[in-house]
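Comments concern the structure below.
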Amino acid sequence: MLELVRDVLRWADLGIFVYFVALNSGYLILIALAGLEFAKHLRRMPFAGSDDMFRSPLTLPVSVIMPAYNEGPGIVAAVQAMTALRYPRYEIVVVDDGSSDDTFEQLRTGFELVEVPRVVPDDVAYRSQVLAVYVARANPETLTVVRKTNGGKADALNVGINLSRHPLICMVDADSVLDPDALLSVAKPFGDDPLRVAACGGVVRIANGCKVIGGRVVDVRMPKPWLLRIQVVEYLRAFLMGRTGWSRLGGLVVISGAFGVFRRDLVVEIGGLDPGTIGEDAELVVRLHHHLRQRKQDYRVIFVAEPVSWSEAPSSLRVLGRQRRRWHRGIAEILGKHRTMIGNPRYGRIGLVALPYYVVFELLAPFIELAALLLLPLGLWADAINTGFALEFVLVAYGYGMLVSLSALFIEEVSFHRYPRWSDLARGMAAAFLENFGYRQILAFAQVRGALAAVHGRQAVWGVMNREGFDSTLESAGSLHRVP
Amino acid sequence: MLLVEDDPDIRHLVSYKLGKGGLDVIAVADGVAALREARAHPPDLVLLDVRMPRLSGIEVCRELRAGPLTADVPIIMLTARSRPQDLEQGYAAGATDYVVKPFSPRDLLARVEAALARVAG
Amino acid sequence: MQALFTIVLEILLAIVAGTALGIVLVRLLRRSRQRRQARLAAGPRRSLLAFVADNGEEGSHDLVAIPEDAWRAAEPHALALLRKLRGEAHLGLVSVFLRRGTARTALGQLHSRSPVRRARAAQVLGDLELRQAVPELCRLLTDRHDEVRVVAVRALGRIGDPAAAWRIIAALDRSDPVPSLLATHTLVQLGPEAEVTLSAALDHPQARVRAVCLDALGLLGATGSVHRIARVLKEDTHLDVRIAAAAALGRLGTRGALDPLTLALHSSRPPALRAAAAKALGDLGATSAVPTLTALLTDDAFHVAHEAAHALRHIGPEGLAALQESDSPHALEALALAEVLTERKAGVPA
């Protein structure tokens, strides 16, 4: 009996080891692909023609939809920054999703809003009630603010889609800080390949620690707390490299809700965002794939690695855990909802490669991570494996993980090098090391809880994040000039 | 005079050119700095780029027109777009004249001198 | 097993250390290269600015005499400057490029095997606005790589030789066409002389070609083609093409556009076309269209009523008067917007 238990433990530990190696190898492949993509992108910069796009009167106009729920402290600065983007023609639609704070009052005084009657089309269904529509007195055609009863982020976006008048829609979070050329770059693929490009996502980096002046990141720095530094490295690896790699493979299934552009007609065609799921942004992309593959249409979903949207990341472990719980629950729900696509050759690379990968290496990863924490000591205790093996197991599994993160830093240094200070570089490398001790395990725990919550299926709500707004958060980081 | 332009090439080029033409040029890179400067030392003329970070040229123009010290200063806008509605928007905000990018340095100097002459005469 | 693990571990450690070292090395190398380039480019950049500011009258010899490595460091900057200038300063800078042999090199590189080199060369030739490069650039319109085709189209637009019009139109009629908006923009850049070619292409069998030509004609203000465009609006088999025709007529702003557009508003037409026609009447600004548009304010189709209301707003006082008498929600929306806009124009203090 004991022998059997030992055997099972030995094989389980070996299995976990193989899993870790496969997981990290997968990442390494994606990072290598991202490296190739960046090289290609950078060589083409001189003739990319962004300036021509900026000048052409025909560049497709964009509606920027910014849902806001209790964003009072930062909303005016965020909208002001949004009005200063380099793009020939765009409008901003702010959707106040029944905030209980002074979000609307801030906007009203900040932009001299005037109430106007507006007929709201129902191109996509929404379940809340539009209370009133306002425009800015100075720019009535470029800034619209909608007040509605609370209905969740997806619902707020749906109302925004109805009110947007341009052929492209860009979804941004109210706490996003965009680089001045961000919109131009993310809308560019639609101009270059208008018949095929259906959606385009932009990269999200962490704003904490950076110096922000007038709603623009002017000095990129590593944040002080290690919890945030680790997240910076994690974002580089997972968002910048991972998504670029998937984009190159033609299997991009996640576009961050913090910064993505879609063709309005297609979003309307598939009925807008699903208020019933948590990861409504990712769900939209998967549904878009689902729909377009079913129609056998030739289409592309693209990821643009630069310029950047900067987001505030949670700085306390509690909020971070909550965020990851929500993300993971989103992944679980989306994969459950679209399970017919998984492994289905009808959906091409999405069905055969991307989604199975997500099941095995995203959805299951935290479970395996925790299993390793449990089974390895158990194996040692039951004498199924010896100390040497266990030690080297840990070193190889985590060492490989560290190598993956370092490779991400390497590619970042070669291509974009956004962190100019030597000290920040050293901190990044240290974070790649520290990530393996505690951070991964605690998050895995949160993720497991998220996945389980998806099974129980509770009501989807706004992720609560104690935002202080960029102004106050960044005072510590340096001087901040408010736009008068 | 005050030059407001975020593109460093054009900023250097224009201040060099106008400086050689005997004008005293103060160059700033964005709208906020422009307003601060204009309120502190009201210039004889403002040369203003329309597309800028932080505050667009149109907004700066409107602000300048609203301020008592700068309400009558001639404002020449530099713009990359020449559609009638773009120009109209600028004139509505109070611009005196327009120079469309890409521009000719000689033409620019001529317009600046013409605007200054109008004020003097 | 144990031994294998140890070896793997050692290799892994070596790679990790190597990567970390690599990051540092990459940064050191890049910094020193940047410093060198900046040092090299500093002199030429100063001469360039002085040269351009003096309208390219003096100092061209100095620029031509700049050694190759320093010039290469400053070249991206010089090309960027080229795009921001016109007039004598532009011509002067172009002549410097020509005397340095940049154009010759670029023409040669159009035949390069690397698509990146071909595209880069096409871009340079466009920046130089070199007319003799037009035939070569037209050849690139059928390049295997779409990015090269796109750069070629853009370069042709910058050069603005109307002779290229039909080649660009032909590039639209492929299985992998150049982007429509880019083609339209370029055709407009070719100027009024391209009108004949564009007008003739309205009979092209490919719908995309017709739509692009209509857009371009509208933007060019090709009033001579009103009747042909009106015929397309009436008879074309593709809805998108007819919508493009309606928009083009609106932009032309001539009296001859009024009747065909009014006809397109008839309730038997598809709603998308009627909405486009209503919008075009607003662009036209014709007061005689007011009664027709007013009747549409209560139309069942959302977009038709919406566009009609905003078209009335565009028309001005007569249109606004009509809006005031209507109680359609679309009319209220348009009126409110008009009010805010006039307030802003009048400069009502905040």
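Each chain gets a letter, A, B and so on, in the order the sequences are listed, and its residues count up from 1. Just the heavy atoms: all of them, side chains too, but no hydrogens, waters or symmetry mates, feed the values below.
For C/Val24, the parts lying near chain A are the backbone and the side chain together; criterion is any non-hydrogen pair under 4.5 Å. Proximity to chain A (any heavy atom under 4.5 Å) is shown, for C/Asp215, by neither the backbone nor the side chain. C/Ile11 does not touch chain A: none of its heavy atoms, backbone or side chain, sits under 4.5 Å away. In this structure, the portions of C/Arg120 lying under 4.5 Å from any heavy atom of chain A include both its backbone and its side chain. Residue contact with chain C, scored on non-hydrogen atoms closer than 4.5 Å, involves the backbone and the side chain of A/Arg43 alike. Within the 4.5 angstrom heavy-atom criterion, no atom of C/Leu182 approaches chain A. Heavy atoms closer than 4.5 Å to chain A are found in the side chain of C/Pro177, but not in its backbone. Only the backbone of A/Ala48 comes within less than 4.5 Å of a heavy atom in chain C; its side chain stays farther off. Heavy atoms closer than 4.5 Å to chain A are found in both the backbone and the side chain of C/Glu333. C/Ser114 touches chain A through its side chain: at least one heavy atom from C-beta onward sits under 4.5 Å away, while N, CA, C and O do not. With a 4.5 Å cut-off on non-hydrogen atoms, A/Phe190 does not touch chain C at all. Using a 4.5 Å cut-off between heavy atoms, C/Arg154 contacts chain A through its side chain alone, with no backbone atom that close. Residue contact with chain A, scored on non-hydrogen atoms closer than 4.5 Å, is absent for C/Arg149. Both the backbone and the side chain of C/Val116 come within contact range of chain A, judged by heavy atoms closer than 4.5 Å.
Crowding of A/Arg248 atom CZ: a count of heavy atoms from other residues, nucleotides or ligands under 6.0 Å exceeding 12. Counted within 6.0 Å of NE2 on C/His145, heavy atoms from surrounding residues, nucleotides or ligands total more than 12; the atom is thus considered enclosed. Heavy atoms of other residues, nucleotides or ligands lying less than 6.0 angstrom from NZ of C/Lys279 number 12 at most.
Heavy-atom pairs under 4.5 Å with chain A peak, among C/Gln189, C/Arg83, C/His306, C/Arg31, at C/Arg31. Of the residues considered (C/Leu13, C/Ile15, C/Leu29, C/Leu9), C/Leu9 shows the highest number of contacts with chain A, using heavy-atom pairs under 4.5 Å. Counting heavy-atom pairs closer than 4.5 Å to chain C, the top residue among A/Val116, A/Ile411, A/Leu406, A/Val414 is A/Leu406. With respect to chain C, the highest number of heavy-atom pairs below 4.5 Å among A/Leu403, A/Val119, A/Val133, A/Asp193 belongs to A/Val119. Chain C forms the most heavy-atom pairs under 4.5 Å with one residue out of A/Pro121, A/Gly399, A/Ala136, A/Pro46, and that residue is A/Pro121. With chain A as the partner, the residue from C/Leu335, C/Leu181, C/Asp127 showing the most heavy-atom pairs under 4.5 Å is C/Leu181.
To the nearest 0.5 Å, atom CG of residue C/Leu21 and atom CZ of residue A/Phe410 are 10.0 Å apart. The distance from atom CG of C/Leu12 to atom OH of A/Tyr398, rounded to the nearest 0.5 Å, is 14.0 Å. Taken from CG in C/Leu25 to CD in A/Glu413, the straight-line distance is 11.0 Å, to the nearest 0.5 Å. If you take OG1 on A/Thr59 and NE2 on C/His185, they are separated by 7.5 Å, rounding to the nearest 0.5 Å. Annotation: the span from C/Leu337 atom CG to A/Glu141 atom CD amounts to 5.0 Å, rounded to 0.5 Å. Separation of atoms CG (A/Asp122) and CZ (C/Phe302) is listed at 8.5 Å; rounding is to 0.5 Å.
Checked by atom type and distance alone, the side chain of A/Arg44 never pairs as donor or acceptor with a backbone atom of C/Ala119 at under 3.5 Å.
Of all heavy-atom pairs between A/Met429 and C/Ala20, the closest is SD-CB, 3.8 Å. When every heavy atom of C/Arg27 is checked against every heavy atom of A/Arg421, the shortest pair comes out as NH1-O, 3.2 Å. Nearest heavy atom pair, residue A/Gly191 against residue C/Pro179, reads O-CB, 3.1 Å.
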From CA spacing to verdict: side-chain contact (heavy atoms from CB on, under 4.5 Å), A/Arg196, C/Asp176: CA-CA 11 Å; A/Arg196 276 188 296 252; C/Asp176 193 9; 3.6 Å; yes
C/Leu28/A/Trp422 under side-chain contact (heavy atoms from CB on, under 4.5 Å): CA gap, chis, key distance, verdict: CA-CA 10 Å; C/Leu28 282 173; A/Trp422 281 105; 3.7 Å; yes
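Looking at A/Leu58 and C/Leu219, their side chains come closer than 4.5 Å, going by heavy atoms from C-beta outward.
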